[in-house]
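Residues take their numbers from the sequence shown, with the count starting at 1.
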Amino acid sequence: MASRSKFVLLGRRVFQSAEGRPVRGAFDTTTAGLYLLPTSVADALDSPDVAPTPAQTAALARAGLLTDIGRADAFLHGLQRASEDLSTRTFILMPTPACNMGCDYCGQNHNGHSLKTRYEELVVPRVVAVIRDPATRVVNIDWFGGEPLLAKAELFSIASRLMAEARKQAVEYRSQLTTNGSLFSVSLLRRLIGEAGVTRVDVTVDGPQRIHDLSRKMKNGASTYDRILDSVSGALAEPWSESCQFIIRTNVTMETLPHVTEYLRDLAARGLCGDRGPAIQIAPVHQWGIGTDAYEVAVSAFAEAEIEWLNLAVDLDVNFLPLPDLADEPCSAGHRGTETIDPQGTVYDCPELALRPPAPVFVPLGRRPQAGAQARPDGALMADMTWSTVIESPPCRSCSLLPVCGGACALSRAQGQAQCPSMKHNFADRIDVAVRRALAANRECG
């Protein structure tokens, strides 16, 4: 009798393949591979009363769908190795603590002040030393805040100096911008991509418009919905944007949850769909900062609504994808080559801590930047990463979703708030949506 790997999860629905065969979906979380299995095979894996043929068993074994030997340990060891890999170095730079929005669920403190010494003179020597290190192959510069575009002159100046040094040292340069989008224009996006080397833009839209403008409140009362989406749409229509990935993130509270379907329809109506459309991320608000408890969404409620949104996204060809990729890299807290430098010149292991005092810090840089290219010191969160937990068989290690989840957030775990993501509650339905999407687009599986 064939017994499937615990890392192979099955969908519920029966579909007709392109050849007219009845099939069910299967997903291997250790490879992030989606398979279409004949119903006879899927039923055999799903029931102790049905047996696949010897040929079917051999095919499943060749695909790695019948064994768990060493798979969890291999994944965890891979994360541990990645945590120590200093060939890729990442700097999350926060040139200003200021923000021109006053979102109720933000959880950050925007009342601080930047150093009197220019942020540029604080961070450039540190990053240049890393770029010049022979071990460095890739440098990532992630602009974060506050709202980093409130300091765009310094952003462009820093980026210009770092890009020039990376070219000189033949180091690959990547850059991500996390922004509220309130200052967007097509021309600014063109400059960010062409002059500041931005290769990914993450912007938050909590639409539809009336919901977004209530949730993402400008301190001057202005609306930002059309500005953000028109700018993204205009940029995506231009060939110069092809080197940049656009991500639209939507934070959902219990009040805004019922309006997501209207929002997805509006994105499609604006042409923000199809192969060139932005990726959509929809996330429940959780306890990520000061005073956010009242906005928190129950994961079970979010998971139920999520399947409706995912099916609608298939109908609209919106890029809200049902299945996760492999979590083959640790988060910023778990990678010794990643550091956040706040506007005061202090190094953190997690960017969520920087504007949320009081918080533990590693190295106060002040006016004397960390010398050389050494990695940041280990911190408290690193000791609580999934692969280094000393408790025998913690829940994450025995979970079939570990390779695509990576374990609960170390910061949330340290604060006693860790919870499983929504996919824990709706994965079979996600597989069904993914099969439907693949068949609709004539995509290959397995």
Any donor-acceptor pair under 3.5 Å linking the side chain of [X] with the backbone of [Y]?
{"X": "Q56", "Y": "T53", "answer": "yes"}
{"X": "D432", "Y": "R12", "answer": "yes"}
{"X": "N426", "Y": "A303", "answer": "yes"}
{"X": "S87", "Y": "T136", "answer": "no"}
{"X": "R227", "Y": "F184", "answer": "yes"}
{"X": "R89", "Y": "V138", "answer": "no"}
{"X": "R4", "Y": "V8", "answer": "yes"}
{"X": "N311", "Y": "I307", "answer": "yes"}
{"X": "S175", "Y": "T199", "answer": "no"}
{"X": "H259", "Y": "H212", "answer": "no"}

Using a strict cut-off of less than 4.0 Å between a Lys/Arg side-chain nitrogen and an Asp/Glu carboxylate oxygen, indicate whether [X] and [Y] qualify as a salt bridge.
{"X": "E329", "Y": "R81", "value": "no"}
{"X": "R71", "Y": "D28", "value": "yes"}
{"X": "D85", "Y": "R336", "value": "no"}
{"X": "D206", "Y": "K217", "value": "no"}
{"X": "R200", "Y": "D142", "value": "no"}

Requested in this report: Specify whether F302 and W309 have parallel, tilted or perpendicular ring planes, treating 30° as the upper limit for parallel and 60° as the lower limit for perpendicular.
Outcome: perpendicular

Can you check whether [X] reaches [Y] side chain to side chain, under 4.5 Å on heavy atoms?
{"X": "S241", "Y": "R276", "result": "yes"}
{"X": "R430", "Y": "E306", "result": "yes"}
{"X": "E84", "Y": "Q80", "result": "no"}
{"X": "P330", "Y": "M382", "result": "no"}
{"X": "L149", "Y": "L177", "result": "yes"}

Discussion item. Looking at E255, I want to see if its CD is surrounded by more than 12 non-hydrogen atoms of other residues, nucleotides or ligands under 6.0 Å.
Written reply: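 Open.
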
**Study point:** CD/E304: more than 12 non-hydrogen atoms of other groups inside 6.0 Å
**Key:** no

Exercise: do [X] and [Y] side chains pair donor with acceptor under 3.5 Å:
{"X": "R249", "Y": "T204", "answer": "no"}
{"X": "T179", "Y": "E147", "answer": "yes"}
{"X": "S182", "Y": "R216", "answer": "no"}

